[in-house]
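Shown next, in structure tokens, is the structure this report addresses.
Protein chains get the first letters and strands the later ones, always in sequence-line order, with residue 1 at the start of each. Hydrogens, waters and symmetry mates are skipped; everything else that's a heavy atom, side chains included, is used.
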Protein chains: 2
Amino acid sequence: MKKKTGTSFVSAQQVADLAGVSRSAVSRTFTKGASVSPTTRSKVIKAADSLGYHVNELARGLINEQSNIVCIVGADIYTPYQSRFIDALTRELQAIHKVTMVVNSSGDSEVRDALAQTIRYRADATLVLSGQPDDALIQTCLNNGQRVIVVNRDKMQSGVESIVVTNRVAAREAFHMLHRAGCHNIVAVSSKAGTPSLVAREQAFLQEAKDHGIEATLKTVGMTSYETGAETARQLFSGSNPPDGAFCLTDLLACGFMDVARHEFGRRIPEDLCVIGFDDIDQSSWSSYNLTTFRQPVEDIAVHIRDLLSSRLDPDLGEGPTRFPTEPVWRQSVRMGAKP
Amino acid sequence: MKKKTGTSFVSAQQVADLAGVSRSAVSRTFTKGASVSPTTRSKVIKAADSLGYHVNELARGLINEQSNIVCIVGADIYTPYQSRFIDALTRELQAIHKVTMVVNSSGDSEVRDALAQTIRYRADATLVLSGQPDDALIQTCLNNGQRVIVVNRDKMQSGVESIVVTNRVAAREAFHMLHRAGCHNIVAVSSKAGTPSLVAREQAFLQEAKDHGIEATLKTVGMTSYETGAETARQLFSGSNPPDGAFCLTDLLACGFMDVARHEFGRRIPEDLCVIGFDDIDQSSWSSYNLTTFRQPVEDIAVHIRDLLSSRLDPDLGEGPTRFPTEPVWRQSVRMGAKP
DNA sequence: TCATTTTTTGCACAGGTGTGCAATGATGCT
DNA sequence: AGCATCATTGCACACCTGTGCAAAAAATGA
């Protein structure tokens, strides 16, 4: 199991010997805020460079009981929405000299494993983007000063910092957009994933429709994907009573839905069919779609998380989740006149 | 700087005390292949569970001089291609119980930082997907038994394991596809990025055209993105002598190119214009595009990398880079009859 | 120059783990 | 039973770093 390498990593002791100072001096040179004279510092740096010394972050973390690692747990990270989020997060975290560990979780059990990993590596924090973490493990994390931040999930436990997006407001707004556009047969295209944010959007949309005397229907035929959106359209437009307005709970669903409506059933958008999405992924702005949607401010959220973790912001516990607004992005998939 | 937490992480010593065994027994219980009797093992596990013990991977890594961390360096990780690759990699690495560290690098300097990070965290390996790593740092990595694997990059140094895709073969094939489809005015749509794989495709494509007496032109108007593809199309179709066949060196470029050609210039695909892409991202199969393209076998590459790092495969050094074939995916953006 | 304050430096310890070595206990064989 | 073999266990050391403490050096003031 042990490696067989000729040379080994160079340690602070070796640097100290070469520079003719104590090992403490070396340590202090590379520790922010420690007291070293400019003379010794330069001697140390010179020796370190010539030897190729790099601080062993493992040993440092062992002392400090934290490792500057932040663990991101997410599923389907190849998805436009998730990958944009992770991109923003990694950049912001790097800006405060944190290191990003990504755990690709499909099921809840892997979220469990991820949290265990967080503990084993003494990470500073865990960001949960998907799945439901295990309560006992969360408690262990929190007890040891590790932070747990969940995004667009149900808040499960005190001590967990929660960030959500204004799903309900947006969903209600979506109904009114379709309503104002003159749609009569309205459908909500969702998935079987049952994610908290999906459920929130479904409920708010259907409720708002009902409150205005319109019976909107809900369709869930598969997971949250392009294919599901496509298949949903196929079922709806080949049945009796096809819709003339659709709120797709995800842009990805919307893309599949639009493609099939247009190419397989000849629907013109927005003349025959109005479509609204959610997320504002890159593809929504592509001119094949031009999708009117709601933008999730992932960059703002990433900045907020950075500020949280650089302790420039106090953890906002107790007073409920931090809410970020989703603003509508008007494009061409809804008839004009719907815009207020 | 020091944290103020009531409790602290539970150590192996505490578990040992509770279980009534020595700390060594605890260590051996959680070390694969160590010798412990079933009796003590179960006592230890019981105690560990009740205390919430988790091995400190930092201390373990300090001893072993490796941390089971694999560092992935990549730019533009929100891109469909990159995110799919990272998704595959993280899954395969997790399968062999490695932990993924993602470094989001925009410039070469950040690749440098990433490599330094690899060293500081005593990572097992670094995967470089973008940018040019620093020679001296690579040497330090290699000297200490850390592996460096570059994908679709120029091989820079011995000891670095290199994986590439058959860019040239595919590019030549792309020309013939357009040629057989009867295109006369052929253009290669690339970007200013100047990535090794882009350059390889450009050169091979243009050379093959020249060898067959056709003067294909090369267009590079921006970075590798949808917008660049769109802008390229705008320039080409508003100028004199618009093309009737395009090899877009990236599917993302192709999407932008197709959208503008169709929606702003009324070109029918494939009747008026044949388009070929590269990568086979998800969007290429969406029915708005139906793009004929070349598939990069990212899953196969990820599996290969897993096998390399689980030392089931010998590092293939010396005899040049490992090549993975890119196979054409026939869809509808090239006139039929081009298919052999 | 000398006394006083401030900065710098080295020592030694702590942090949690893996493992070689020797001792102990268990098991098998005759 | 007696001996040999083998698995198990505990001790002590090593891995590399940060930091409190006291001593030394430097800077400051008169």
Side-chain angles (χ1 to χ4, degrees), chain A residues 1-5 7-44 47-48 51-68 119-123 144-145, chain B residues 1-5 7-44 47-48 51-68 119-123 144-145:
Chain A
M1 207 64 179
K2 204 59 177 289
K3 287 183 307 177
K4 287 301 288 182
T5 53
T7 83
S8 184
F9 287 99
V10 24
S11 74
Q13 186 62 63
Q14 303 179 37
V15 177
D17 293 347
L18 179 61
V21 297
S22 78
R23 196 187 53 72
S24 308
V26 178
S27 174
R28 285 190 248 261
T29 301
F30 293 104
T31 305
K32 213 188 103 178
S35 163
V36 215
S37 74
T39 323
T40 32
R41 155 168 258 118
S42 67
K43 274 195 295 186
V44 167
L51 259 54
Y53 170 75
H54 294 264
V55 175
N56 188 334
E57 213 68 44
L58 269 41
R60 178 178 273 177
L62 184 55
I63 293 285
N64 294 338
E65 289 221 330
Q66 61 173 355
S67 54
N68 280 329
I119 299 173
R120 289 203 308 273
Y121 280 93
R122 303 305 191 248
N144 295 296
Chain B
M1 205 66 179
K2 205 60 175 290
K3 287 184 306 178
K4 287 302 285 183
T5 54
T7 83
S8 185
F9 288 100
V10 23
S11 74
Q13 186 61 62
Q14 304 178 36
V15 177
D17 292 347
L18 179 61
V21 297
S22 78
R23 195 187 53 72
S24 308
V26 178
S27 173
R28 284 191 248 262
T29 301
F30 293 104
T31 304
K32 213 189 101 177
S35 161
V36 216
S37 75
T39 323
T40 32
R41 156 169 257 117
S42 67
K43 275 195 294 186
V44 167
L51 258 54
Y53 170 74
H54 294 264
V55 175
N56 189 333
E57 213 69 41
L58 269 42
R60 177 179 274 177
L62 183 56
I63 293 285
N64 294 340
E65 290 221 330
Q66 60 173 356
S67 55
N68 279 330
I119 300 173
R120 290 203 307 272
Y121 280 92
R122 303 306 191 247
N144 295 297

Length of the CD-P vector between B:Glu57 and C:dT17, whole Å: 10 Å
Donor/acceptor link under 3.5 angstrom from A:Ser22 side chain onto base of C:dC11: no
Atom-to-atom span, CG of A:Leu62 to P of D:dG18 - whole angstrom: 11 Å
Base of D:dG18 paired with side chain of A:Arg23 (donor-acceptor, under 3.5 Å): yes
Sugar-phosphate only, base, or nothing, as touched by B:Ser24 at under 4.0 Å among non-hydrogen atoms: base
Side-chain heavy atoms of A:Arg60 within contact of A:Thr31, under 4.5 Å: yes
Check: A:Asn56 side chain, A:Leu58 main-chain N or O, donor-acceptor pair, under 3.5 Å: yes
Point-to-point distance, once rounded to the nearest 0.5 Å, from CD of B:Gln13 to CZ of B:Arg23: 6.5 Å
Atom pair distance, as rounded to whole Å: CD in A:Gln13 and P in C:dC11: 10 Å
Atom-to-atom span, CG of A:Asp17 to P of C:dG10 - whole angstrom: 12 Å
End-to-end axis angle, where each axis spans five pairs of the helix from C:dT1-D:dA30 to C:dT30-D:dA1, to 10°: 20°
Nucleotide of D:dT9, D:dC16, C:dG18 approaching B:Thr40 most closely (side-chain heavy atoms): D:dT9
Distance, rounded to the nearest Å, where B:Arg60 contributes CZ and C:dG16 contributes C1': 11 Å
Nearest listed nucleotide, side chain of A:Arg28, among C:dT17, D:dC16, C:dG10: C:dG10
Spacing of OG belonging to A:Ser11 relative to CG belonging to A:Asp17, to within rounding of 0.5 Å: 8.0 Å
Most 5' of A:Val36 and B:Asn56 on DNA chain C, judged by nearest nucleotide: A:Val36
Touch class at under 4.0 angstrom, heavy-atom based, for A:Tyr53 against every strand present: sugar-phosphate
Nearest-Å distance for atom pair OH/P, residues B:Tyr121 and D:dC15: 22 Å
Touch class at under 4.0 angstrom, heavy-atom based, for A:Thr31 against every strand present: sugar-phosphate
Base of D:dC15 paired with side chain of A:Ser11 (donor-acceptor, under 3.5 Å): no
Sugar-phosphate, base or nothing in reach of B:Val55, heavy atoms under 4.0 Å: sugar-phosphate
Distance (rounded to the nearest 0.5 Å) between A:Glu57 CD and A:Asn64 CG: 9.0 Å
Check: B:Ser67 side chain, B:Gly61 main-chain N or O, donor-acceptor pair, under 3.5 Å: no
Sugar-phosphate, base or nothing in reach of A:Ser27, heavy atoms under 4.0 Å: base
Given DNA chain D, 5'-ward residue of the pair B:Val21 and A:Val26, judged by closest heavy atom: B:Val21
Inter-residue atom distance A:Phe9.CZ - A:Gln14.CD, 0.5 Å rounding: 12.0 Å
Single hit among A:Val21, A:Val44, A:Thr29 for side chain to side chain contact (heavy atoms under 4.5 Å, CB included) with A:Val15: A:Val44
Interatomic distance, B:Ile63 CD1 vs D:dA12 C1' [rounded to whole Å]: 13 Å
Whole-Å gap separating P (D:dC15) and CG (B:Asn144): 15 Å
